[in-house]
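Structure record follows, encoded as structure tokens.
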2 protein chains.
Amino acid sequence: MSQLQPVLDEAISGLSPLETGVIDLFVNGVRVLGLPKSLGEIYGLLCISPEPLSFDAILNRLQISKGSTSQGLKFLRTLGAVRCVYVAGTRKDHFVAETELKKLVGGFIREELLPHLHSGTERLEHIDSIPQDPEHEHAAFYQERLSKLNVWHRRTEKFLPLVQRFFS
Amino acid sequence: MSQLQPVLDEAISGLSPLETGVIDLFVNGVRVLGLPKSLGEIYGLLCISPEPLSFDAILNRLQISKGSTSQGLKFLRTLGAVRCVYVAGTRKDHFVAETELKKLVGGFIREELLPHLHSGTERLEHIDSIPQDPEHEHAAFYQERLSKLNVWHRRTEKFLPLVQRFFS
DNA sequence: GGCTTTGTTCAAGAATAAATGAACAGAATA
DNA sequence: TATTCTGTTCATTTATTCTTGAACAAAGCC
């Protein structure tokens, strides 16, 4: 059926100026966050698409590989930046962008920032476990610095919930 | 004179467990921020050094190249994360880590985030300048999305000063 | 002026991260 | 069951970023 009547979504077609502009915006955006360009492309396209897009539609319109599309969508789903929606009359998955800033920020904190923060916690615990020589010439200095590092770390831990709240 | 009495700072010497631990912490830290590892090494070493370190001391103790040392220190200075201090009896520059979180955060915002944010402003202005067809089937949708992108952007602009304040 | 010390710059190489596409697996169709 | 459709995985290729070290400048010393 769908062979007799090709679905427009999946035809190879250029991007409109609007689409290009929005994709460009997000490609720039994900760079700041240290994420691959393809994520920005996919999210940007979905963000400005009035209708859910199929896997193939994304791949065709962005002219990127299956691998990038698959992995990009997978990661965007774990972030909560993209949702899979049911579309009648097709087996294919269809995707839409999640546009609640709250969720996007939450996903990024959860998937990207917290793991690093926890890694930092461990490293700090390791440092704190190193035996100190109280007779060392600079013992007081070391003590002060380690204390400062711990303060920084705790403050960062308090910071993330605040970020989350700011974008809610 | 200094040839007869070699300065300890510049002798090749291993790193103590404490130094290694702190460097490791910062190497992990700068990764989150999307900065090169060598920056973390240099800042970490300076951070846990009771005395100002010379260019050569940094290079020798970290076993990194002159290029990395020079560029790393240069960038850390523009961030305000490292200061050059005068040390009597030597021509060499000596460096110390800046440990006011406020300044570090401020430098990172100024040098890394604001340029990206401004780039985003321009991209958004470009999008907003694209002529819209009010008769388009999805005109209302496009309008709503563009409006949302502008809201996100303005909120992010308000966010940075808040970050700065939180770490002051 | 010549020589040494100190640090910068930048082209080339090394290391890392991202994108590709072919092989694969699962599920619907027939 | 065989076949097609849909999407995933992962080794390889490609692109990007980081590091290196040699050549260079600038400034002090003799």
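Just so it is clear: chains get the letters A, B, ... in the order the sequence lines come, proteins before strands, and each one is counted from 1.
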For the pair made of NZ in A:Lys92 and C1' in D:dT8, what is the distance, rounded to whole Å?
-> 16 Å
Would you kindly compare A:Arg91 and A:Leu73 by the position of their nearest DNA chain D nucleotide and give the one closer to the 5′ end?
-> A:Arg91
By a strict heavy-atom criterion of less than 4.0 Å, which residues belonging to residues 75-89 of chain B are in contact with DNA chain D?
-> none
Ring-ring centroid check A:His94 A:Tyr86, cutoff 6.0 Å | no
Whole-Å distance separating the NZ atom of A:Lys74 from the P atom of C:dA25 | 16 Å
Could you point out which residue of B:His116, B:Glu122, B:Arg123 forms a side chain to side chain donor-acceptor pair (under 3.5 Å) with B:Ser119?
-> B:Arg123
C:dA27 P sits how many Å from A:Asp93 CG, rounded?
-> 13 Å
note: B:Leu59, atom CG; C:dT5, atom P; distance rounded to Å ~ 16 Å
What heavy-atom pair brings A:Leu114 and A:Arg110 nearest, and what distance separates the two atoms?
-> CB-O, 3.9 Å
Return yes if some donor-acceptor pair links the side-chain N/O of A:Arg61 with the main-chain N/O of A:Gly14 below 3.5 Å, else return no.
-> yes
What is the minimum heavy-atom distance between A:Leu45 and A:Ile58, and which atoms define it?
-> CD2-CA, 4.1 Å
Can you check the B:Ile58 CD1 to C:dT6 P distance for me, whole Å?
-> 14 Å
How does each nucleotide of nucleotides 14-20 of chain C score, in 5' to 3' order, for protein heavy atoms under 4.0 Å: base (B), sugar-phosphate only (S), or none (-)?
-> ---SSSB
With A:Tyr43 as partner, the option from A:Phe108, A:Phe26, A:Phe95 fulfilling ring-ring contact (aromatic ring centres under 6.0 Å, His included) is A:Phe26
Donor-acceptor contact below 3.5 Å, side chain B:Thr78 vs main chain B:Phe75 | yes
Could you tell me the separation between the CG atom of B:Leu62 and the P atom of D:dC18, rounded to a whole number of Å?
-> 17 Å
Between CG of A:Asp56 and C1' of D:dT6 the distance, given in whole Å, is 8 Å
Would one find more than 12 heavy atoms of other residues, nucleotides or ligands at under 6.0 Å from atom CZ of A:Arg31?
-> no
Are the aromatic ring centres of A:Phe159 and B:Phe167 under 6.0 angstrom apart?
-> yes
